[in-house]
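Everything below concerns the one structure shown next.
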Amino acid sequence: MQYWQTARNGIAALLVAGMAVGCVHGGAARPTLDALADDDGPQAFSYDNVDDNDADETNADPPRPEQALEERAEILTVPGVPDEPAPLTRDGALLTALSNNRNLEIARFGPRVAAAFESEARAAFDPDLMATLSYGRSRSQLGGAQRFTFGRAGGGSGQSMSFEGQEPEEILRQIGGAAIEVLQQPQQDDFLETRNSDGEVRVSNYFPTGTTVFLTGGMSRSIGNFTAEEFEGTWTVGVTQALLEGFGPNVNLVNLRQARNRRAQSRLIFREAVLGLTAQVERAYWDLVLARELLTIREFGVELADEQVRRNMDLVEVGLAIESAVLSARAERSTREAELSDARADLEAQTLFLLQLLNPDERETWNIELLPVDPPEVTEIEVDPEESEALAHALRPELEADRLELANRDLDLVSARNSLLPRLDLTARYGRTSLGDSFAGGRRYLDSSRYDNYRVGLEFSMPIVNRAERAQRLRAQYERDSARVAVAERRDDLAREVRQAAVEVRNQWFRIQATEDAVAGREEELRVEEDRYSVGRSTNLDVLQVQRLLIEARVDAVQARVNYLKALTDLYAAEGALLARRGISLEAGY
């Protein structure tokens, strides 16, 4: 008896220990899954890092990077006067695009969707409640000895005989009399029928340690045509602990860590979308500035042509020039008029493209005329390719996303290696039963150790060949190696991109110096050529040629300045530092 009492106490202690190891949810001082996993890096996860309210987490407001710009820029608004251009700064363009661009609005849903997947993965460690309620009837024919015994004992009186304190002779007499009474009864039912009513409630929880803890309680009622009404109550508490396959948090937290990594990837994808849109809007803004500058230069070219036509006409009147000079000047003017028309068309095209990116909240979006306010003024920026490469490796979201993908492939390999292990589970359960002829009798002994039950055992299973598991592990190995190569390739791509952007910045700065010198030289050349033409020492074609060279020099100069600004934008975007340099933050929304 002492042995069984000791065994029962040991099983109870085992159940308590299993519940204590598994219950990482309970209490304010619950241990984190990081502590269980003893891991770091992008795989690490803690319930303390995530809100317990999944609905709030999933439906949280997405990041608003435009908040940082609202303090120093104004969103694009259409003037009240028709046909008046709408002034627009670079920061105003960025603010409008970040507030209204539809592609960015689509990208905002990525973190929300990923948060929902993370909540789904967390649900694997949530407690489950299951309740069953059933009613049934079973009926079978009587045959052989059953037909003789049950068929004549129909009615199920439910009476019992008590032999306590009686002599053996008296006991035999009562049994014989009861048997004669049964034989004398007429046969009633020729079938055996039982009606059952059952109810059970089960609460279970699976924990990252590979532990499943459950608690069940139920009551059943049965009555038959040959048996009295009977109630049976039960409760059982049990634990199953994986010892090989499925053991420990490193394996059981794979799905949750992968979901967390994918959520982080979705944030990086959103950051990449913001970075790409910012760079695209900046380039489009400077292209619009360039288009307006080119339009001004082409108008200046037409004015030069008009002035040359008038000069030639005056010289023809005084006999110092021939009619062909006027014709050639007018032909040159027509050419410059065509170039001016191309410049107007390019300005409209750049306006439409920028409006598409900005998507201003106006009904007549496509009829808005934009007036860029920021001039293409430049100052030399020192460029260090080594520093730019280091920034790219630290800030570019694509590289961090590739690292997270590598972490997920590592987790796949952990899961695949786990699947190669045989299944060995330790199971233990303890419970009690109570039997009676009423509902109260069915629960009378549930709080007593007189009718307790327990079972401890091991369950073992494994596939004989393990073909699928070995193939899964091999595939996970290849995918992990491929992801590792992809990270290295991404680092090389970023290094080449930032260094090429740095080369372009230096090249455009040198072009600025050269083109400005060319403009100054062409302006002086035109002044000298016009003076020579006025005294007959030069020809009309010479003047027109110098004018064209001056126009092209001015075009080259303004293109060099704008290209320098765009090259800086490309360099900052390649570094991943463009958002920080523009004061755009994504942290508040997370």
Side-chain angles (χ1 to χ4, degrees), residues 24 31-54 56-60 62-63 107-126 206-210 246 248-275 392-419 472-473 475-491 493-494 576 586-587 589-590:
V24 296
T32 65
L33 298 185
D34 287 332
L36 292 175
D38 192 23
D39 222 338
D40 56 8
Q43 300 180 12
F45 177 82
S46 169
Y47 276 140
D48 293 333
N49 295 334
V50 183
D51 294 336
D52 291 331
N53 191 335
D54 289 343
D56 293 342
E57 173 187 346
T58 304
N59 298 321
R108 289 177 192 269
F109 288 97
R112 286 187 172 185
V113 174
F117 280 115
E118 184 177 340
S119 297
E120 291 180 22
R122 287 183 58 189
F125 305 107
D126 292 341
Y206 181 70
F207 299 100
T209 53
N250 285 339
V251 171
N252 295 295
L253 292 177
V254 164
N255 290 336
L256 187 55
R257 286 170 173 162
Q258 286 182 331
R260 181 173 179 263
N261 289 343
R262 292 191 182 98
R263 184 181 183 186
Q265 283 179 310
S266 71
R267 296 174 178 177
L268 292 170
I269 292 173
F270 179 77
R271 184 181 186 89
E272 183 181 356
V274 175
L275 178 61
H393 290 165
L395 300 178
R396 283 291 289 270
E398 303 96 317
L399 181 58
E400 185 61 25
D402 286 346
R403 289 170 179 156
L404 289 172
E405 188 65 24
L406 174 59
N408 278 350
R409 300 291 73 79
D410 286 334
L411 290 170
D412 283 339
L413 188 58
V414 170
S415 179
R417 288 171 176 168
N418 171 74
S419 66
Q472 180 182 0
R473 188 205 62 80
R475 174 170 54 83
Q477 180 72 47
Y478 290 152
E479 290 178 347
R480 195 273 303 270
D481 294 343
S482 175
R484 183 173 294 170
V485 174
V487 171
E489 180 65 16
R490 178 76 71 177
R491 288 178 61 89
D493 288 344
L494 295 183
L586 298 181
E587 301 303 325
Y590 292 142

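The figures that follow rest on heavy atoms only: side chains count, while hydrogens, waters and symmetry mates do not.
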Tell me every residue that passes salt bridge (charged side-chain N to carboxylate O under 4.0 Å, His left out) with [X], counting only those two or more places apart in sequence or in another chain.
| X | answer |
| --- | --- |
| R480 | D410 |
| E398 | R396 |
| R473 | none |

On a heavy-atom basis, which atom in [X] and which in [Y] lie closest, and how many Å separate them?
| X | Y | answer |
| --- | --- | --- |
| A264 | L404 | CB-CD1, 3.6 Å |
| N252 | T209 | ND2-C, 3.9 Å |
| L268 | A401 | CD1-N, 3.5 Å |
| G246 | V251 | CA-CG1, 4.3 Å |
| P397 | L275 | CD-CD2, 4.3 Å |

**Message:** With side-chain contact (heavy atoms from CB on, under 4.5 Å) as the criterion, how do N250 and R257 come out once you've worked through the C-alpha distance, each side chain's angles and the decisive distance to 0.1 Å?
**Reply:** CA-CA 10 Å; N250 285 339; R257 286 170 173 162; 3.8 Å; yes
**Prompt:** When you look at Q258 and D412, which way does the side-chain contact (heavy atoms from CB on, under 4.5 Å) test go after all the steps?
**Reply:** CA-CA 9 Å; Q258 286 182 331; D412 283 339; 2.6 Å; yes
Please check if the side chain of [X] supplies one atom and the backbone of [Y] the other of a donor-acceptor pair under 3.5 Å.
| X | Y | result |
| --- | --- | --- |
| E118 | R260 | no |
| S266 | R263 | yes |
| Q472 | A416 | no |

**Asked** Between the side chains of D481 and Q477, does any donor sit under 3.5 Å from an acceptor?
**Response**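 There is such a pair between these side chains.
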**Request:** Any chance you could lay out the side-chain contact (heavy atoms from CB on, under 4.5 Å) test for F270 and R267, step after step, and finish with the verdict?
**Result:** CA-CA 5 Å; F270 179 77; R267 296 174 178 177; 5.6 Å; no
**Request:** Kindly write out the residues that satisfy side-chain hydrogen bond (donor to acceptor under 3.5 Å, both in side chains) with R417, not counting sequence neighbours, or none if the list is empty.
**Result:**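 Once residues adjacent in sequence are excluded, R417 has no partner under the side-chain hydrogen bond (donor to acceptor under 3.5 Å, both in side chains) criterion.
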**Message:** Restricting to side chain to side chain contact (heavy atoms under 4.5 Å, CB included), what partner residues turn up for S415, sequence neighbours left out?
**Reply:**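 Side chain to side chain contact (heavy atoms under 4.5 Å, CB included) list for S415, sorted by chain: V254.
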**Asked** Which residues satisfy the side chain to side chain contact (heavy atoms under 4.5 Å, CB included) test with D402, sequence neighbours excluded?
**Response**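 Once residues adjacent in sequence are excluded, the partners of D402 under the side chain to side chain contact (heavy atoms under 4.5 Å, CB included) criterion are V487, R490.
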**Message:** Measuring from atom CG of N408 to atom CG of L413, what distance do you get when rounded to the nearest 0.5 angstrom?
**Reply:**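 Going from the CG atom of N408 to the CG atom of L413 covers 12.5 Å.
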